[in-house]
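Working notes, beginning with the structure itself.
Just so we're on the same page: letters track the sequence lines, and every chain starts at 1. Since we're looking at a predicted model, the values are computed, not measured.
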Amino acid sequence: MPVLEVENICKTFEDTDVLKSISLSLEKGQVLSIIGSSGSGKTTLLRCLNFLERPDAGVIRVNGETLFDAEAAGKTAGFPFSRRFGAQREADVRRRRLHFGLVFQSFNLFPQYTALENVMLARKLLAAGQPDYKARKKEILGQIREQAEELLDQMGLSNRMGNYPHQLSGGQCQRVAIARALALQPDILCFDEPTSALDPELTGEVLKVIRELADQNTTMIIVTHEMAFARDVANRVVFMDDGMVVEQGDPGEVFGNPREERTKQFLMRYSGA
Amino acid sequence: MKLILEQMPVVIGALNTGFIQTLKLFFVTLLGAFPLGLLIAFGSMSRFKPLSLVTKLVVWVVRGTPLMIQLLIIYYFPGLVLNNPVWGGGEAGRFLAASVAFIINYACYFSEIYRGGIQGVPVGQEEAGLVLGMTRGQIFRKVKLLQMIKRIVPPMSNEIITLVKDTALARIIALQEIIFAGQSFLKGSHGISGAIWPLFFTAFYYLVFNGVLTLLLGRLEKKLDYFR
Ligand SMILES: Nc1ncnc2c1ncn2[C@@H]1O[C@H](COP(=O)(O)OP(=O)(O)OP(=O)(O)O)[C@@H](O)[C@H]1O
Ligand SMILES: [Mg+2]
């Protein structure tokens, strides 16, 4: 069974159809790269998966559980977008959201917290809601800290844990952001052009840690304009154009021998540039 | 010179009394305008169009007209036009009217500062929090609030220092704040007349008060300097 199944996701902003019935599936431990020209809807798709945008139609399933269904009526209708809900529903909304992680192009680190605190914050807030939190506070916080330190260490930032975001380079910020997303152990980690905001000499360090995650069989969806990286790291590539999946398949096939005319043209523009 | 030394205790006594009135007006204005300004800010950002339009109009009028005129209108309008002197007589009534005028005026200025602070936090902060499974309340308290405060403090400091000086305007409705006290010696009070030097003394009070405030607010700003 695939970890992720996306069926017929549609999204319209005002009058423009940004996503026109997108369907995807992803197996556990696999990496999916999404490529496509500017405005083709890649960011919107990731935002839908992370419940930052509400699809107008479609279904999102993770591990067989329906997390979102535009047609659903009754109690689960607004999920997970409802703004007002009781504690029980709130817990459920969070639980659904946490299947996914998202790394933003612009990092969006919390500036008032150190690298370590950025990684720990969400876990701490989650833990505080547990029934046994009061009794085991010290122990739980200790575990959270240990996990955060391990993650930052893995990102090559063991000597940067106490630094605030403004004291870090773009590449370091993005690696903190990756650690922050990993701390919640999402089933599927999404990246939206993780290196586009970086100086060229800093992209390498970020791509390297993503590659290491791929080697550890982290399930990921990576939107990127780094074609060589997409080809190299992905198990599968999706080419999007004008809100549709035009072509998908094995990276060797899509990059080496594209079937569709539009894919050819897109790749030509990239290799030409 | 001998005359000045003889007059000194009387003048200082009067200035101190006036200064206390100034302080009272200052703190009452802040106490009222801080929360009212926040309400007005929420009103102007409301998705309910009529509410946001009306609040924006009020803010525009209040910020676009002199505080001195607002003071006069608020003090005299109920009594003269509505034949209903709500403020009551005497110093207490004048203080009440002045407080209301100052609170409304400053709340409108503060509301714009709050709005800038609230809208100045990038949406990415909220989105990052949501993706990390935080509730909207947690995002507000743990992520956005401090960033808003950091954006609000510098322009708020400027307004607060302006407020100190603006309290002098309350003199227009004869509130016996410090300017009133200083000025009164020009015309003769406590047997002292035609003396201009108490006015310099008055300026000195303002200077000291503002100096202390600048120092305190500067410290607060510095405290928030650890992040960007
Ligand atoms: N909130 C919004 N309101 C209106 N239109 C939007 C909104 N967000 C995105 N769009 C439009 O949807 C289309 C797809 O945008 P999207 O950001 O998903 O593209 P993208 O593939 O990520 O492009 P890029 O490679 O430049 O990041 C664009 O035409 C954009 O203008
Ligand atoms: Mg994009």
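Residues of residues 144-156 of chain B lying under 4.5 angstrom from chain A, judged on non-hydrogen atoms, are B/L146, B/Q147 in numerical order. Residues of residues 115-127 of chain A that come closer than 4.5 Å to chain B, counting heavy atoms only, are A/L121, A/A122, A/L125, ordered by residue number. Within residues 218-228 of chain B, the residues having any heavy atom closer than 4.5 Å to a heavy atom of chain A are B/Y226, B/F227, B/R228, listed by residue number.
Under the 4.5 Å side-chain criterion, counting only non-hydrogen atoms from C-beta, A/Y113 is in contact with B/K142. The shortest side-chain heavy-atom distance between B/V131 and A/F51 does not fall under the 4.5 Å cut-off.
When every heavy atom of A/L184 is checked against every heavy atom of B/L132, the shortest pair comes out as CD1-CD2, 3.3 Å. Taking both residues in full, the closest heavy atoms of A/R97 and B/L130 are given as CD-O, 3.2 Å, listed atom of the first, atom of the second, then distance.
With a 4.5 angstrom heavy-atom cutoff, B/Q138 touches chain A only via side-chain atoms. Only the side chain of A/R47 comes within contact range of chain B, judged by heavy atoms closer than 4.5 Å. Within the 4.5 angstrom heavy-atom criterion, no atom of A/F107 approaches chain B. Heavy atoms of A/Y164 lying under 4.5 Å from chain B belong exclusively to its side chain.
Residue B/F34 qualifies as enclosed at atom CZ: its count of foreign heavy atoms under 6.0 Å is above 12. Heavy-atom neighbours of A/E139 CD from other residues, nucleotides or ligands within 6.0 Å: above the threshold of 12. In the displayed structure, B/F204 atom CZ is contacted under 6.0 Å by at most 12 heavy atoms of other residues, nucleotides or ligands.
For residues 164-182 of chain B, the side chain to side chain donor-acceptor pair (under 3.5 Å) pairs, not counting sequence neighbours, are B/Y106-B/D166, B/R171-B/Q183.
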